[in-house]
Each structure stands twice: as C-alpha cells, then as structure tokens.
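Reading through the structure tokens given below for one structure.
Chain letters run A, B, ... following the sequence lines, proteins first and then strands; every chain starts at 1.
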2 protein chains.
Amino acid sequence: MKKAVSTRLSILQKSFELIYTHGYQATSIDTIIATTNVTKGAFFYHFKNKDEMGLAVINEIMYPLMYADFVKPLLSSNDPVHDIYKMMHYLLLENEFLLKKYGCPAGNLTQEMSPVNQLFSQALSKLTTELKEAMQIALKKGKDSGSIKSGINEEQVALFVLSGYWGIRNFGKLSDDNDCYIVYLEELKSYLKNLEKN
Amino acid sequence: MKKAVSTRLSILQKSFELIYTHGYQATSIDTIIATTNVTKGAFFYHFKNKDEMGLAVINEIMYPLMYADFVKPLLSSNDPVHDIYKMMHYLLLENEFLLKKYGCPAGNLTQEMSPVNQLFSQALSKLTTELKEAMQIALKKGKDSGSIKSGINEEQVALFVLSGYWGIRNFGKLSDDNDCYIVYLEELKSYLKNLEKN
DNA sequence: TGTAAAGAATACTAATCGGTATCTTTTATG
DNA sequence: CATAAAAGATACCGATTAGTATTCTTTACA
C-alpha cells in the first residue's frame, strides 16, 4: 500500500511539472514514464487513461497548491488591500517554483484544455471560483471593518484583480526579465489604494 | 502567380482558425490540408516546415488583424478613456469572430508557444509591444489634452489594462455565458473613470 | 510555340502517440 | 506458509505526426 501511493504521487508530481512547463497535450505518457521510475504498466494501473491522470493533477496537486498560496492567506486576512498586494508581489517576484517563463499553471491549463475537454473545464472552474470567492470574502471583511470603501463591488474587484494576474503572467512569458511584473505591481498598488477609505 | 498567392493565403487563413480554436501544436498539417483544397505538396512548397507557417500566421494574419482592431482605433482616439472602454466592450461582447470559448488568439499563442519557440516569442512580443505602445500614445494624448490626470503613468495603465484583457478572456473560457465579461467591464469602467480629471 | 521553372499531387517514411495484452513480482492476509 | 489480489514490467498495436521523394501539371516568357 505504501509503495503504490508513492508511485501514484510521483507520477502526479512529475506530470504536473511537465504539464506546467510544456503544456498538457505536449506532455506524452512516454515522457512521463521516462522521467520517473515508473513503467507504462504501473501508469495504466493507477490511471485508466491520460485524461484521468490530468484531472488528478488538477484536483490533487494544483488545487491544494492554490489553496495554500491563495485561498488560505486571503481567508485569514484582516487587511485585504495590503494582503492582496503582498500575495501578488510574492507570486510574481518571490515564489521560486512559478517561473516567469512558464506562466501560471492554472491559467495555462485553462487556456489549453477548457475549450477541448469539459471535465478539465469543470475542475478548473471549481478551482478558480473558489479562489475568486475567497478574495470576495476578504474584500467584504474589509468593507465591514471600514478599511474599504462601501461603494465597491467585491465580485467585480476580485475578477478584475485575478484577470490581471493571469494576464500579466502571460505577458511575463514574453520578456526575459521582471520589468513587466514591477510595472504591473505599481499600477496594481495604486488601483488597490483607490479601493481604500482615506 | 495569382493562384499561388491565393493557395498560400487559404493555408494561412484556415491555419489561423484551427490554431485559434485548437491550439498550435494540436493543429496538424494533415488537418490543415484536409480542411482546405490544398495538398501536402502545395503546403511544403509554400512553407519549408510547420513553424515557418506558424510564424507567417502571426505576421501576415494576426498582426494586421490586431492592428485594425486595436492599434488603429487607439491611435486615432481623442478620448482614450472612452475609446479603450468601447474597444474592450466591442472585443468582449460584440465581435463575432472572437468566440468566448476560445479566448484571444494572441494570448493563446503566447501562452502555448513562447516558452517553447523563441521565434514565436519574438513575433508575438513585437505584436504586443506595438499594441501596448499604441495605448500609451493614446493615454499620453489624453494627458496632454487635459482629459486624463497628469499623475498617471501611461505605461503602467496600458500594461494593466491589457493584462486584464488577456486574463478575462481566459476566465471567459471557463463559463458558458457572458456574465464574467459584463462584471469585468463594469470594474474596468470604474477603473478608467478614475484616470480622468473630474 | 517550346521550354524551363513554378506550383501541386501522390505515395511514402521513421518517429511518436495513447493504449492494450500478457506476464511477473510484490504485498496483504487467512 | 499458502494464495489471491495488488502492483508493476515488457512487448506490442493501430493511428497519427512532421516531413521527403518523386512525379505530374500549370504558368510565364523567349
């Protein structure tokens, strides 16, 4: 039982890396098993086909990661404007796994797979909806505590901010330095500042 | 000479559609020739390989399209805040070619190909840079004419707005109605309004 | 009109794809 | 320890991939 679990997990981990850096459709099963100590027999014992593995990557790897990196800090925030900025700063300039060149794992997969596979679309939709709602909750708390203007619409703001994040990660792919992230963060800062009561 | 040009163009047109809706790597040459009146011999007469064709799609189809849809309206704008909003509204809710489900052609291709192929990255970088600069010029004109606050940084604003566009088009892929576009546009409107002198 | 080059058609290749069939090894449990 | 099921290994399959080789047809122009 122990070994099997670790085999399965190592497939998912390596697949996640490969999908993140090369895309889902460009990641072949042969490549996955070639870069892990796993044979094809083992792969198809754990997953009935490639798509089932892809969905497991979303649900078992990406979802927990997203929850830790985004949702948790947002839900525990008492100063949403400050914490949203801090989170974005961390994701764009500090996080060592999310390489500039490769964008956002969830954003990439959404773009590639949602028009093609409905199950992927559903899994990714759940992931992003949860994230958006966490940000809305944080913003609502800011409104209630009086730090944020009562006139703002938290759904609008959450969608606006997250769109910006996905978009700038795409811009980041085109440049080889962090300049565009710095420029983006400056404008994000002033946008967020404008949400605050002064 | 006439016929050859039209053959080449029909390859590019159809390829653009297929790449837009299915992605570059998922679009096979066999599919392209099967959906056009073009044989493999003709394809490889006009393009020495698939990547050369892909680059031609960027430079000869996407670039002119982007220029007409984005750059031109921006450069001729005398009311940038109003015209940027109008442009986004058009792109998200009115344009009949850009289907919600399939995102933004340039955004898609950037995400898929820029980490993988440097020539694609360069061609797409040129395209987006030109677009960003057009928006900066429009914003600068607004500053000079006094309709926009002198304190804003037009590079920041341009990058912020375009990131939001790419991002929301990715969100759009996950939903089957236009609601997220409408929510996004509301917040964009209030963001842009805040750039104006009042 | 003759002819060379441009353009297009057809048949093929080696490599790679996702997946299957079959077999062997490991593990849990009576 | 016996044995059945879980887990993994190996060899293979048909389909598809980008690309090539070769032949045929059309076009431009002397």
Would you kindly give the NE2-to-C1' distance between His22(A) and dC17(C), to the nearest whole Å?
17 Å

What nucleotide, of dG19(D), dG8(D), dA6(C), holds the atom closest to the side chain of Tyr45(B)?
dA6(C)

Please determine, for the side chain of Ser28(B), which listed nucleotide (dG8(D), dT17(D), dG18(C)) has the closest atom?
dT17(D)

Separation of dT16(D) atom P from Ile32(B) atom CD1, nearest Å, is 16 Å

What's the closest nucleotide to the His46(B) side chain, out of dA6(C), dG8(D), dA8(C)?
dA8(C)

When rounded to whole Å, the CD1 to P distance for the pair Ile11(A) and dA7(D) reads 12 Å

Starting from P on dG7(C), measure out to CG on Leu9(B) and report it in whole angstrom.
15 Å

Check the side chains of Tyr24(B) and Asp51(B) for a donor-acceptor pair under 3.5 angstrom, ignoring hydrogens and angles.
yes

Among dA8(C), dG19(C), dG8(D), the one nearest any side-chain atom of Ala42(B) is dA8(C)

Examine distances only and state if a side-chain atom of Lys197(B) and a backbone atom of Ser150(B) form a donor-acceptor pair shorter than 3.5 Å.
no

What does Asp30(B) touch in the nucleic acid at a heavy-atom separation under 4.0 angstrom: a base, only the sugar-phosphate, or nothing?
base

Length of the line joining Phe43(B):CZ and dA11(C):P, which is rounded to integer Å
20 Å

Would you check if there is a donor-acceptor pair between the side chains of Tyr191(B) and Glu187(A) at a distance under 3.5 Å?
yes

Without decimals, in angstroms, what is the distance between Phe44(B) CZ and dT22(D) C1'?
16 Å

dG7(C), OP1 or OP2 - any side-chain N/O from Thr7(B) closer than 4.0 Å?
no

Side chain of Lys50(A), heavy atoms from C-beta onward: which of dA6(C), dG19(D), dG18(C) has the nearest atom to it?
dG18(C)

Proximity to the side chain of Lys40(B) - top-ranked nucleotide from dA7(D), dA11(C), dG19(C):
dA11(C)

Just the rounded figure in Å: distance from P of dT20(D) to CG of Asn49(B).
8 Å

Any donor-acceptor N/O pair, Gln136(A) side chain to Ala158(A) backbone, under 3.5 Å
no

Could you state the atom-to-atom distance from NZ of Lys48(B) to P of dG7(C) in whole Å?
18 Å

Need to verify one output field. Residue with the more 5' nearest nucleotide on DNA chain C, Tyr24(A) or Gly41(A)?
Tyr24(A)

Say you draw a straight line from CZ of Arg8(A) to CZ of Phe43(A); how long is it, rounded to the nearest 0.5 Å?
10.5 Å

